[in-house]
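First comes the structure, then the notes that go with it.
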Amino acid sequence: MAYRIVNKSQLSENVFRIDVEAPLVAQARKAGQFVIVSPEAEAGERIPLTIAGADQEKGTIRLIFQRVGKTTAQMAEIPEGGALGYVAGPLGRPTHIEKFGTVVCVGGGIGVAPLLPIAEAMKDAGNTVVSILGARTKDLLILEEQFTSLSDESIIVTDDGSYGRKALVTEPLQEVCARSPKPDLAVAIGPAIMMKFCCEVTRRYGVPTQVSLNTIMVDGTGMCGGCRVEVGGQTRFVCVDGPEFDGHQVNFDLMMRRMDAYKDLEKRALQQYKDHQCKIGLDRK
Amino acid sequence: MPTHPVDIDMNEQEKYLQELLTKQAQGQLKPKDRYAIKPQDMPAQDAVKRRHAMSEVALGYTETQARLEAMRCLQCANAPCVEGCPVRIRIRDFIGEITKGQYDRALEIIKENSLLPAVCGRVCPQEVQCQERCTVGKKFKDVNMSVSIGRLERYAADLAHGGGQTPAVAPPTGKKVAVIGSGPGGIVVAADTRRAGHEVTLFEAFHKPGGVMVYGIPEFRLPKAIVQEEIDVLKKMGVKIVCNFIVGRTRTIEQLMKEDGFEAVYVGVGAGLPKFMGIEGEHLVGVYSANEYLTRANLMKAYEFGKGADTPIAVSKKVAVLGGGNVAMDAARMAVRLGAEKVYLVYRRSETEMPARIEEVRHAKEEGVIFCTLQNPKRILGNDAGQVVGMECLRYELGEPDESGRRRPVAIGGSEFVMNVDTVIVAIGNGANPLIQQTTPGLEFNQWGNIVVDENCRTSMKGVYAGGDIVLGTATVILAMGQGRIAAQAINTDLAK
C-alpha cells in the first residue's frame, strides 16, 4: 500500500506525529521543504505540511500536524497501518544552510516541528544553536527533548507559565538579540502572528530573520497562485519562491487575512464531519 | 450568427438530406446547392437550466445534422482548411466520409494526425484556424458561415466513444522514455513513443492525470469522462502513469536520465504562475487567479463542498472576471454555476478583440454573464476584514493597433467608477512554471522562463525535449498536441540511432 502510515503517535491533545511511506520524498527532501498531502485519494482536500524529518532507509517521512479542520481531523483518524490518500513532494526551496555563527531558532506551537530539521542542519553546519520553544501550555509543548539535546542553549516558555518561563517567545528572543555579539541569524516558525512579532523584535536589533510560511495552497507546484504573499512590496509565491522568506520583508497582516479566507466554510465542514462521526458511532452501538 | 430552431421537424431534415444525397449520387449537386444548406446549429442544454448544471452544454449533432453540415463542404481541391489546422488533419477527406455515412473511416482519417479528436472538436479555436480558411465562410464573408469542422470532428469522435481499438505497439526496444506532465502534449508524446515500442512512464504532479483538461477546462465544456477514456487508452497500451510525482523535486531530470535509465525526457509541464494586474488590492480575500478558481472547482470539485468534496471556494454574490479569453469565459460560467447572482466579465478591449472562442462567448452571454467591455480595473477595494467589496474601474476606448495587430485600449481620463463585487477572478494569462528551471542546470530558457527548443522540440540538453505552455508561453490544447507529435517523432528518431 502506498503512503502507508507505519508509525503514529499523539504528541498532545491535538497534535499527531506520523511516519509515512514515501521513499522518493524521503530521499529527496531537504530541511525546510514541505509536501502536499490529502487523507483521501479522490475527494480530499490538498494541504501543505512541512516535513519534520525522514528516514531514508525505511523510506518514510515524518509529518507532525495539528487537528484543526476537517482534513486534519480525518487524518488524525487514520490508524497506524492505514494510509493517506497521497503525498506529493518535496516542494519548495530548501533552507539555505551555511555556517552563519550563532543561529537562534524560535518555534511556536506546531511550528516547532518544521523547525527541528532546520535546527539540526544548522547545528551540523557548525553553527551555535540557541533554541526558544513556546507553547500555550505545558501539554502542548512538543519535541522539547530533541531540541534540548541538539541546541547549545534552549529556552522554554509557556503562555500560562505551566512549564518553563511564563512568557511569549518574543521576550527571550529580545534578550538573546540584545547580547553581544548579537546572533547572526534568527529562524522563526510558528503561527503567523508569532512570526510577525518575532520579526519586529529582530528588526530592532538588525538580526536577519528567516520565516517559513504555511499559506493556503492547492497544487503547490507554481500553478494556482493561491499561496501568494507580499514580500518587499512584490507578489511572491510560497510554493515555488518559498516557503522561507526574509521575515522583515513579509506583509504578515495581508497574509493572515488570506489564511482566514475559508474560516467559516472550514468550521462548517468540521462540524459536518463531527456530526457524521457521531452518527457512525451510534450505528455501531 | 444565423440560427434556426434546433427542434425543427426532423423528418423534414431527413428528407432534405436524402434529396441532397440523391443529387450527389447523380453527380448533380452544385456548389450553389451546398451554399443553400443552412449551417447546422449545435443542440445545447437550456440556457436557464444549465446555469445550475455542471454537465456539458453543447450536446452534439444528430446524424442528420452532421451529414447536412458535411454536405456544406465544397470539397475544395486545394483544401485551404488543412493549412489552418496546426496538426494538418485531412479535413476535406474526413468530412467527405461523413457525407457518405462512413463515420469510422472519418475518425481513422482524423486520428492519422490528431490523437484527441473528442477533445479538440470541443475546445479548439476553430474560427481562427481551419474554419477561418474555409471557402464557404469566405464566400459569405462570415466565418460563422464556414463549415463547422470542429463539430463534425466531435461527431465522428463521439460516435466511436473513446476511439474504438487500442493502437498497436511495436515490439519492445528496451529504451525508456519519461513524459513529464499528462496534459494534451504529454498524452500525445506518451502514445506516439509507446507505439514505437519504448517503455514509457507518464509523470503527473497532481493526483489525477489529464492536466489542463482536468483541472482547468470545466466539465460543462469538456466532460472529464472523455479525458479519462484517453488516459485509459494509454494504460491499455502499456504506458505507466505515475501521479503525485513532481519532476524537478521528487526526482530531477538529471536523476531520471543518469540514475533511472530514461534515455529521453519530454517536458510538458504546462501553465505556470498566474499573472496578476499589479494593482492595489490583489491580496484581498476574494481575489483569485482563474487557475486557482477553476482548479478548486474542477479538479477538487468544490461545487460539491460539504457533499463529499472538502475543498472550499468563495460563496460569491457578485463576481468580476478580468480577461477575454477562454479561461475567463470558463471562470465566469463556473461562477454562475456556483450560484453567483451577478457575474461581470471585464475586458479592456471590445468584444471583437476577445480571444475566446465565439461559442464560449455566446454561451456565457446566454447564461447571463454581463459583458463589460472597454473597462479595466484600477484597484480592488476591501473592507476592514480584508475582503473584497468593490473594484474601481476606468473606461477605455480603442486607439491605434498595437504590435499584436489589435487596437490598443486607451484609458479615458476621469472615467473612474466603482463596481460592487465581492469576488475578483483574474484571467489574464500565465507566466512560465519555474520548477524545471530551478532544478535543471544546463537547460536553456529564454528571458521569460520558457524552454528554448529547435523546430523538432529538442532542447539544449541532449535527450530532453519540450513543448506546450512551457515552450510557447500560452498554448492551446491543439498547439500542445502538435508539439507533442513533433517531439515524439524526434524522440523516436533519436532513440533509433
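Letters go in sequence order (proteins before strands), and every chain restarts at 1. Bear in mind the structure is a predicted one, so any value in this text is a computation, not a measurement.
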_Let's test your reading of the structure: which of B:Ile313, B:Val269, B:Val426, B:Thr252 forms the most heavy-atom pairs below 4.5 Å with chain A?_
B:Ile313
_Could you check whether B:Arg379 pairs with B:Glu280 (Lys NZ or Arg NE/NH1/NH2 to Asp/Glu carboxylate O, under 4.0 Å)?_
yes
*Under 4.5 Å, heavy atom to heavy atom, which residues of residues 211-219 of chain B contact chain A?*
B:Tyr215
*Are A:Glu21 and A:Thr60 close enough that a side-chain donor and a side-chain acceptor fall under 3.5 Å?*
no
*Say whether A:Glu45 and A:Thr71, considering side chains only, have a donor N or O and an acceptor N or O under 3.5 Å apart.*
yes
_Applying side-chain contact (heavy atoms from CB on, under 4.5 Å) to A:Thr72 and A:Gln66, what does each step give before you reach the verdict?_
CA-CA 7 Å; A:Thr72 42; A:Gln66 188 166 12; over 6 Å; no
*Determine, using ring centers only, whether A:Tyr3 and A:Tyr86 are less than 6.0 Å apart.*
no
*Taking atom types as modelled, find out whether A:Arg93 and A:Gln33 have a side-chain donor-acceptor pair closer than 3.5 angstrom.*
no
_Does this structure show an ion pair linking A:Lys196 with A:Asp253, if we count only N-O contacts that are shorter than 4.0 Å?_
yes
_Side chain / backbone / both / neither for A:Arg268 at chain B, heavy atoms under 4.5 Å_ = side chain
*Heavy-atom pairs under 4.5 Å with chain A are the metric here; pick the option from B:Ala314, B:Ala385, B:Pro312, B:Gly386 that has the most.*
B:Pro312
*May I ask you to decide if B:Lys318's main-chain N or O and B:Ser316's side chain share a donor-acceptor pair within less than 3.5 Å?*
no
_Please report the interatomic distance CG(B:Leu256) to CZ(B:Phe203), rounded to the nearest 0.5 Å._
5.0 Å
*From B:Leu294 atom CG to B:Ile425 atom CD1, the distance as rounded to the nearest 0.5 Å*: 7.5 Å
*Among B:Val285, B:Leu435, B:Leu273, B:Thr311, which residue forms the greatest number of heavy-atom pairs with chain A at distances under 4.5 Å?*
B:Leu273
_Is A:Val87 close to chain B through its backbone or its side chain, or both, or neither, when contacts mean heavy atoms under 4.5 Å?_
backbone
*Of the backbone (N, CA, C, O) and the side chain (C-beta and beyond), which part of A:Pro94 lies under 4.5 Å from a heavy atom of chain B, both, or neither?*
side chain
*Using a cut-off of under 4.5 Å on heavy-atom pairs, state which of A:Leu254, A:Ile36, A:Val240, A:Ile47 scores highest against chain B.*
A:Val240
*Contact origin within A:Gln74 toward chain B - heavy atom pairs under 4.5 Å*: side chain
*asked:* Is it the case that the side chains of B:His207 and A:Arg46 hold a donor-acceptor pair, with the cut-off being a distance below 3.5 Å and no angle test?
replied: yes
*CD1 on B:Ile470 to CZ on B:Phe445, rounded to 0.5 Å*: 6.0 Å
*If you count heavy-atom pairs under 4.5 Å with chain B, which of A:Ser38, A:Gly92, A:Ala28 comes out on top?*
A:Gly92
*Engaged part of A:Glu230 at the chain B interface, taking heavy atoms whose separation is under 4.5 Å*: both
_I need the minimum non-hydrogen distance between A:Phe237 and A:Thr235, along with the two atoms involved._
CZ-CG2, 4.2 Å
_Any side-chain donor near an acceptor of the partner, A:Gln27 and B:Arg251, under 3.5 Å_ = yes
_Residues B:Lys208 and B:Glu204 bridged, charged N to O under 4.0 Å_ = no
*Looking at B:Val315, B:Leu299, B:Asn430, B:Val287, which makes the most heavy-atom pairs under 4.5 Å with chain A?*
B:Val287
*Under a 4.5 Å heavy-atom cut-off, does chain B meet the side chain of A:Ala41, its backbone, both or neither?*
backbone
*Heavy-atom contacts under 4.5 Å, residues 210-229 of chain A to chain B*: A:Ile216, A:Val218, A:Asp219, A:Thr221, A:Gly222, A:Met223, A:Cys224, A:Gly225, A:Gly226, A:Arg228, A:Val229
*In terms of heavy-atom pairs under 4.5 Å, which option from B:Asp310, B:Asn291, B:Thr250 contacts chain A the most?*
B:Asp310
